[in-house]
There are 2 protein chains.
Amino acid sequence: MESQTPPGRARLSDVARRAGVSASTVSRVLSNPGVVAHATREAVMQAVAETGYRMNHAARNLRKQRTGCVVALVPNLGNPFFAKILDGMGRELAGAGYDLLVADTLEDSGRHTRLDRFLDPSRADGIILMDGLAPFGDLAGRADLPPVVTACEWIEGADLPRVMLDNRQGGRLAVAHLRALGHCHIGLIGGPPGNVLHQARHQGAHEGAHEGAGGVRLTEFPGDFTMQSGQRAAQAWLALPRPDRPTGIFAFSDEMACAFMSGLHRAGLAVPRDASIVGFDDIELVSHLSPALTTIRQPKREIGRKAARIILDRIAGREIAPVTLLAPRLMERETTAPPPPS
Amino acid sequence: MESQTPPGRARLSDVARRAGVSASTVSRVLSNPGVVAHATREAVMQAVAETGYRMNHAARNLRKQRTGCVVALVPNLGNPFFAKILDGMGRELAGAGYDLLVADTLEDSGRHTRLDRFLDPSRADGIILMDGLAPFGDLAGRADLPPVVTACEWIEGADLPRVMLDNRQGGRLAVAHLRALGHCHIGLIGGPPGNVLHQARHQGAHEGAHEGAGGVRLTEFPGDFTMQSGQRAAQAWLALPRPDRPTGIFAFSDEMACAFMSGLHRAGLAVPRDASIVGFDDIELVSHLSPALTTIRQPKREIGRKAARIILDRIAGREIAPVTLLAPRLMERETTAPPPPS
DNA sequence: AAAATGTTTGCAATCGATTGCAGAGAAGTG
DNA sequence: CACTTCTCTGCAATCGATTGCAAACATTTT
């Protein structure tokens with residue numbers, strides 16, 4: 001009698017045979033128990049337990065033309081910035097019965113070859129794209145893509161819904177804060193020039209510098225969001241003759257801000273005594289440093305949740321807002337102070 | 001003639017009709033071109049291009065009984081430690097034609113309910129489990145699971161292949177380093193007591209403390225790998241009367257080491273002048289701090305690559321080693337020095 | 001008691017790609 | 001020319017779950 005169920009995995013029909021019903025009935029017990037008579041349901045449940053039945057996802061997906069998965073594509077899993085966002089996303093999606101899977105677009109290394117592997121309705125019911133450099137143009141025209149929403153980064157010109165921080169406002173806040181403290185010369189450590197986040201923050205910083213009475217001098221240091229580039233910026237700053245050094249620094253990422261600060265520290269200077277620093281993102285670590293970094297906070301969990309809610313709406317065919325802007329917030333901590341007397 | 005291909009997505013049979021061949025032939029062109037005559041192949045290729053055909057994964061997976069995916073289950077996507085590991089893993093798997101998907105087991109928050117959703121051959125061809133607390137016991141008996149390998153963490157008692165750092169040796173190295181500098185009283189900031197990494201590092205630390213001539217005094221501070229707990233340890237340390245303060249600190253994670261260091265700094269003390277600190281993991285950030293953290297390095301990309309190679313071997317049915325231990329390495333930087341004269 | 005309504009269940013088609021088997025034709029051999 | 005050997009292609013079954021439709025039976029309603 002043991003051989004009823006061959007060694008392999010139990011199928012729906014195996015359960016059905018055991019319970020003395022048809023496969024259809026078992027299917028219904030599992031996905032819509034209400035329509036099945038009580039006694040039958042019990043019998044099926046028992047058969048399920050006895051056989052250890054577990055559904056075959058491939059078969060269900062094929063039949064239902066859906067996967068129950070949302071895939072998030074991030075440019076670099078190594079960036080701790082995404083962690084909290086993914087967390088918020090995962091929880092929101094779990095609540096709606098979807099699984100979140102994360103894949104790295106490998107932006108840096110081997111080109112985006114693997115992107116289209118996931119942009120496929122038989123792979124995911126929805127895509128949350130967090131890589132603004134993804135070559136989306138090739139695919140945008142196709143009518144058979146699963147719904148896509150961009151989060152954090154976005155693709156200029158692509159007709160995709162967006163969820164992101166008001167980066168321009170963030171740039172403005174950072175510069176305004178330094179100005180309010182009395183800094184008249186501000187250094188900007190930017191991101192990669194082609195990056196949309198860089199551009200928005202840069203624009204905000206300029207607006208903040210030039211609005212109101214008495215403009216501010218701006219000096220730009222090239223950067224790419226990494227600590228290496230923050231370190232280079234510190235070197236460049238140190239190499240400047242004293243009067244040409246900006247007294248306030250606005251780094252477009254917390255990582256660059258950290259590395260910059262370490263660079264000054266290593267040269268025997270102190271923050272904020274010798275220079276004030278404002279970062280961007282508010283990654284967890286920077287509040288635990290000493291001095292704790294003043295920075296522009298992104299509501300990361302909230303971004304994740306919002307993006308998830310929007311992809312769920314799109315999957316369900318509901319109307320959605322094309323752009324969702326979240327408000328940045330200045331976290332004033334220990335790395336900013338009035339400039340040193342000159 | 002346009003209506004040949006209805007608005008939806010082109011199927012294999014649509015391509016076939018267009019090329020004037022059977023679906024079988026199209027399938028063969030796509031997966032095994034060698035067996036198809038040149039002219040036919042050309043025609044099919046053209047039809048594929050014209051229809052914009054893209055394969056339906058669900059159908060293929062169902063038929064082939066494989067998915068082409070490996071799922072990595074991490075306890076907390078928020079931990080930057082995993083980033084580099086996943087990176088190494090992803091590259092290795094990509095090279096073998098597999099996609100890497102990452103899912104969070106949500107260890108902290110809502111129990112491990114979602115774990116078994118992925119432990120399923122119709123979901124993944126292999127699983128890389130990085131969560132030592134996963135309730136694997138419930139599933140271990142089942143013969144129908146996809147191959148599983150544990151990486152970084154492991155499950156004591158479970159018969160699963162393991163890839164990890166020699167954590168004991170790492171603990172030993174850290175303590176030996178502090179002893180060599182002359183520290184006779186060493187503080188340990190541990191992880192959660194039930195955690196296997198904690199236990200191995202703890203054992204190594206004790207061995208390092210008691211081997212050789214003249215033992216060392218050990219003081220333990222509770223921790224859980226987070227920065228909060230590192231901060232608490234700093235408070236506890238500061239509250240100790242001067243002669244009872246360990247002069248050397250070995251934190252079982254870089255994050256705790258950072259927070260501890262900030263705590264001392266905030267209290268007006270300097271590292272390594274007033275205390276030496278050794279961390280664990282060598283996450284990217286700590287080499288960019290000032291002072292740069294002395295720590296035990298884990299070869300993260302290598303761990304990822306090894307784990308990937310092992311899961312590939314298991315998928316292919318090849319024999320594998322049950323345990324793969326990687327060697328830790330002491331990264332001597334700026335946070336360790338001889339103890340202050342008492 | 002006949003008819004109408006409601007509840008359960010099974011049949012069979014379907015989702016889309018893959019592959020063993022065999023047939024059709026081409027090429028080579030005695 | 002008859003016969004074997006290849007090469008190429010199509011037929012049809014298969015993977016496993018879902019669901020529209022209708023049959024079978026129970027329950028009310030007239």
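Residue numbers start from 1 in every chain, and the chains themselves are labelled A, B, ... in the order their sequence lines are given, proteins ahead of strands. As a basis for the values below, the full set of heavy atoms in this structure was taken, side chains included, without hydrogen atoms, waters or symmetry mates. Because the structure is a prediction, the values reported are computed rather than measured.
Between A/Asp99 and B/Arg123, at least one side-chain N (NZ, or NE/NH1/NH2) sits under 4.0 Å from a carboxylate O, which counts as a salt bridge. A salt bridge does not link B/Asp313 to B/Arg309: none of the charged nitrogens lies less than 4.0 Å from a carboxylate oxygen. A salt bridge between B/Arg9 and A/Asp120 is present, with a side-chain N of the basic residue lying under 4.0 Å from a carboxylate O of the acidic one. Here B/Lys84 does not pair with B/Asp87 in a salt bridge; the nearest charged N to carboxylate O distance is not below 4.0 Å.
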Within the sub-3.5 Å range, which N or O atoms of nucleotides 5-10 of chain C have a protein N or O partner, and how far apart are they?
residue, atom, partner, partner atom, Å
C/dT9, OP1, A/Thr40, OG1, 2.1
C/dT9, OP2, A/Ala37, N, 2.9
C/dT9, OP2, A/Thr40, OG1, 3.3
C/dG10, OP1, A/Ser22, N, 3.4
C/dG10, OP2, A/Ser22, N, 2.9
C/dG10, OP2, A/Ser22, OG, 3.0
C/dG10, OP2, A/Thr25, OG1, 2.4
C/dG10, N7, A/Arg28, NH2, 2.6
C/dG10, O6, A/Arg28, NH1, 3.4
C/dG10, O6, A/Arg28, NH2, 3.3

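Looking at B/Thr67 and B/Asn61, their side chains never bring a donor and an acceptor atom within 3.5 Å of each other. Under 3.5 Å, the side chains of A/Glu42 and A/Gln46 contain no donor-acceptor pair of N or O atoms.
The nucleotide range of DNA chain D contacted by chain A, defined by atoms under 4.0 angstrom from heavy atoms of the protein and reported 5' to 3', is D/dG16 to D/dG20.
Residue contacts for B/Arg60: at a heavy-atom cut-off of 4.0 Å it reaches the sugar-phosphate backbone alone, with no base atom in range.
A/Glu153 places a side-chain N or O within 3.5 Å of a backbone atom of A/Gly132 that can act as its donor or acceptor partner.
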Query raised in the report: Do B/Glu156 and B/Arg162 pass the salt bridge (Lys or Arg N to Asp or Glu O under 4.0 Å) test, and can you show the C-alpha distance, the side-chain angles, and the key distance before you say yes or no?
Result: CA-CA 10 Å; B/Glu156 214 59 75; B/Arg162 306 171 183 177; 3.8 Å; yes
